[in-house]
Amino acid sequence: VLMPLVEVIKGAQTSDEVARRAYDFVKSLGKEPIMVNKDVPGFVVNRVLISLNSAACLLVANNQYSIVEVDSAVKYRAGLPMGIFELQDFTGIDVGYLVGLAVAERDPMLRVPCPLIEDLYKKGWLGQKSGRGFYEYKGGAYERANIPREAGEKVDLVSIFAPAINMAAWLLRNGIASREDIDKGVKLGLGWPKGVFEFADEFGIDKVVDALNQLYSRFNYELFKPDPLLTQMVQEGRLGQRSGRGFYEYGAAGTVEFKEIMLRKEPPLAWIILNRPQRLNALTMTMLEELSRALDMLWDDKEVRVVIIRGAGDRAFSAGADVSSFAGPLHTYYFFLYNRRFQEAVSKIERFPKPVIAAIDGYALGGGLEIAMTCDFRIATERSEFGQPEIALGILPGAGGTQRLIRLVGMAKAKELIMLGDRIKADEAYRIGLVNKVVPKERFEEEVRSFAMRLAQGPPIALTYAKYAINFGTQVPTDIGLMLEAAFFSMAVNTKDAQEGVMAFLTKRRPEFKGE
Ligand code: COA
């Protein structure tokens, strides 16, 4: 009763008419069918699930990761409803083990024995029902394994997901099911937040193939041999979101090229890319006006829930205001007006009604840091450097640095940064509260996306109000700030999303917020 998905499987002799009627029958029950064109062991969803379990098990068995690390990574970074091992405890180790044997007998591709499961099965540790499996349980129907949120930081999600993606590619190439049905299958049947092909496009098909090659050379199971469809995609440059095309199409249609920025829509996300890489994305008035225009375009765009700002090239988020714009005599008053215009554009991020993330890889200096500070969140690579170096030029920050830095790091640190003009490294920036998260370069894009996707799944209306209550409530006396909070609270409580959130909590499911 809980499972919305039904796989409708055609046998060798099933006529299209019978298949269609079965499909319609499933719909008439209020369930969601997918069509499986050929009877293969495990059908669609369980083939993908068994494949997902495979690398995870082998990497744990070989001490590369611990059980908790893998489970935390798939749960909190990939957004799956349960960890890989947690789920096996829940369904029963005996069930998993015996099903594994049965399908392996019928299909060599599914022959990836998991020594961990066999061991538990032989010990009689059958999971939650017997009080012990991968985890220990004290009893109680709603008991959940203890999986800390941060435990999965170092796990390479691509190698965990690669076998499942490979299997999905095999299913697609062999015409077992359509791309849409396979993705619908894992979303409805396994509760994944996105389809297996959507994951693949996000990771990058080339990275998936690399991970498979490594698994294949290490463990030599057929499941890990990159499917010809994947290698062909790599050859054709269909690498996923990054190249505009993978299993799905992205990019071109969604990309608007301005002169000095780019706007790429990838619902529910949008990327604004500061695009003067040869000048380390130094800010000009043109760039800021374009940034402002891009924000206007996204302001009430229902498809976009989160905006990410990043720099082009591989050296900087932005090295600050273009120093050449300070040259030349300009009447003080007109410089003041010019500066105010600069500030207006930067402040627009603060007033923008959706969450904005600064994705920082490289330098974030001067005006670059000031833009990043106006964003709601900052995620940076380990090598990034931060600073307000204006003092060295005989000037001071002019796009909010003297105001916003204090709020993030406190007066003493802010004065040190502004009055000495030193650059600091990412780890220190994290320590003093300037950035939310520091991640290794190779995981940068994935971390930014998964952070953004968590925000994108939140209730858009309440997120706007929360952002405004925080950003503007702190600029006024506390009593007025509290009044603002109460007003926003009462506006949020009357939304459909609030009803949905409470309902989902009570029925123990994931809420689906529509911004209504
Ligand atoms: N405005 C204009 N141009 C800038 C710039 C800025 N803020 N920051 C960097 N550039 C240009 C450089 O002039 C250089 O151009 P060139 O190749 O034509 O000479 C190019 O970007 C690459 O920078 P470069 O200085 O060669 O790189 P680096 O690795 O040696 O140093 C920085 C990097 C960021 C430390 C250094 O460029 C710097 O200090 N920039 C100025 C930062 C600043 O003061 N910002 C606040 C302005 S108010």
Side-chain angles (χ1 to χ4, degrees), residues 258-262 272-292 309-332 334-350 358-375 378-406 408-409 413-430 432 434-435 438 441 444:
F258 294 77
K259 278 213 311 268
E260 298 188 353
I261 69 161
M262 279 192 300
I272 294 177
I273 302 153
L274 309 176
N275 192 21
R276 296 179 77 215
Q278 68 293 353
R279 280 273 170 280
L280 304 185
N281 306 316
L283 309 170
T284 64
M285 205 62 209
T286 306
M287 189 189 265
L288 284 166
E289 276 165 4
E290 290 179 352
L291 170 69
S292 169
I309 303 181
R310 69 172 178 81
D314 65 350
R315 297 197 52 209
F317 176 77
S318 165
D322 193 310
V323 175
S324 60
S325 66
F326 303 146
L330 192 58
H331 189 290
T332 305
Y334 290 102
F335 208 97
F336 174 74
L337 291 187
Y338 174 87
N339 197 82
R340 288 290 297 152
R341 216 143 62 93
F342 210 92
Q343 287 181 340
E344 274 300 312
V346 176
S347 295
K348 192 159 196 169
I349 300 168
E350 212 163 55
I360 302 159
D361 179 28
Y363 293 113
L365 302 176
L369 179 57
E370 289 168 306
I371 288 188
M373 287 195 291
T374 322
C375 296
R378 285 152 295 284
I379 300 177
T381 56
E382 285 161 344
R383 63 168 190 159
S384 297
E385 292 188 29
F386 305 81
Q388 296 285 175
E390 291 86 346
I391 210 80
L393 302 171
I395 51 176
L396 64 152
T402 63
Q403 305 304 303
R404 295 195 179 100
L405 191 55
I406 301 172
L408 289 170
V409 306
K413 266 288 162 202
K415 281 189 175 157
E416 208 179 300
L417 284 165
I418 291 171
M419 297 169 76
L420 288 172
D422 291 341
R423 291 206 298 268
I424 58 169
K425 296 261 161 55
D427 56 346
E428 188 178 352
Y430 177 73
I432 64 175
L434 188 53
V435 297
V438 178
K441 167 117 174 106
F444 182 50

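Counting starts at 1 for both ligands and their atoms, following the listed order.
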_For the CG atom of N339 and the CE atom of M285, what is their distance to the nearest 0.5 Å?_
9.0 Å
_In the complex you have, is atom 19 (O) of ligand 1 within reach of the protein, judged by whether a heavy-atom distance drops under 4.0 Å?_
no
*To the nearest 0.5 Å, how far apart are CG in L396 and CD in Q388?*
9.5 Å
_Parallel, tilted or perpendicular: which one describes the rings of Y338 and F342, with boundaries at 30° and 60°?_
tilted
*Return the residue, atom name and 0.1 Å-rounded distance of the protein heavy atom closest to atom 37 (O) of ligand 1.*
L280 CD1, 3.8 Å
*Considering all protein heavy atoms, does one lie under 4.0 Å from atom 39 (O) of ligand 1?*
no
_Part of R279 within contact of ligand 1 (heavy atoms, under 4.0 Å)_ = both
_Nearest-neighbour protein heavy atom for atom 33 (C) of ligand 1, which is reported as residue plus atom name and distance_ = Y363 CE1, 3.6 Å
*Counting only non-hydrogen atoms of the protein, does one fall under 4.0 Å from atom 13 (O) of ligand 1?*
no
*Inspect the surroundings of OH in Y430 and state if more than 12 heavy atoms from other residues, nucleotides or ligands are less than 6.0 Å away.*
no
*asked:* Can you confirm whether the side chains of S347 and R340 place a donor and an acceptor under 3.5 Å from each other?
replied: no
*Around atom NZ of K441, are there more than 12 heavy atoms of other residues, nucleotides or ligands at under 6.0 Å?*
yes
*In terms of side-chain geometry, is the basic nitrogen of E428 or K413 positioned less than 4.0 Å from the acidic oxygen of its partner?*
yes
*Check whether any heavy atom of R423 sits under 4.0 Å from an atom of ligand 1.*
yes
*Which of the atoms of ligand 1 are close to E390, meaning less than 4.0 Å from one of its heavy atoms?*
48 (S)
_atom 2 (C) of ligand 1 within contact range, any protein heavy atom under 4.0 Å_ = yes
*E385 to ligand 1, any heavy atom closer than 4.0 Å*: no
*Side-chain donor-acceptor pair under 3.5 Å between T381 and D361, yes or no?*
yes
*Verify the contact flag for atom 7 (N) of ligand 1, where contact means a protein heavy atom under 4.0 Å away.*
yes
_With the threshold set at under 4.0 angstrom, would you say S324 reaches ligand 1 through any of its heavy atoms?_
no
*Which protein non-hydrogen atom lies closest to atom 30 (O) of ligand 1, naming both residue and atom, and how far is it?*
R315 NH2, 4.6 Å
*Can you tell me how far the CG atom of L274 sits from the CE atom of M287, to the nearest 0.5 Å?*
5.0 Å
_Heavy-atom neighbours of F336 CZ exceed 12 at 6.0 Å_ = no
*In ligand 1, which numbered atoms sit nearer than 4.0 Å to a non-hydrogen atom of Q278?*
20 (C), 21 (O)
*Starting from atom 44 (O) of ligand 1, locate the nearest protein heavy atom and write down its residue, its atom name and how far away it is, to 0.1 Å.*
P389 CG, 3.5 Å
*Identify, by atom number and element, the atoms of ligand 1 in contact range of L365, meaning under 4.0 Å from any of its heavy atoms.*
34 (C)
*Quick one: does A282 get an N or O within less than 3.5 Å of an N or O on ligand 1?*
no
*Protein heavy-atom partner closest to atom 45 (N) of ligand 1 - residue, atom, separation in Å*: A319 O, 2.9 Å
_Check this for me - ligand 1, I395, N or O atoms closer than 3.5 angstrom, yes or no?_
no
*Rounded to the nearest 0.5 Å, how far does CZ of F444 lie from CZ of R310?*
8.0 Å
_More than 12 heavy atoms of other groups within 6.0 Å of K425 NZ_ = no
*Going by distance only, is there an N or O of A321 that falls short of 3.5 Å from an N or O of ligand 1?*
yes
_Separation between CG of N275 and NZ of K259, rounded to the nearest 0.5 Å_ = 13.0 Å
*Any protein heavy atom nearer than 4.0 Å to atom 28 (P) of ligand 1*: yes
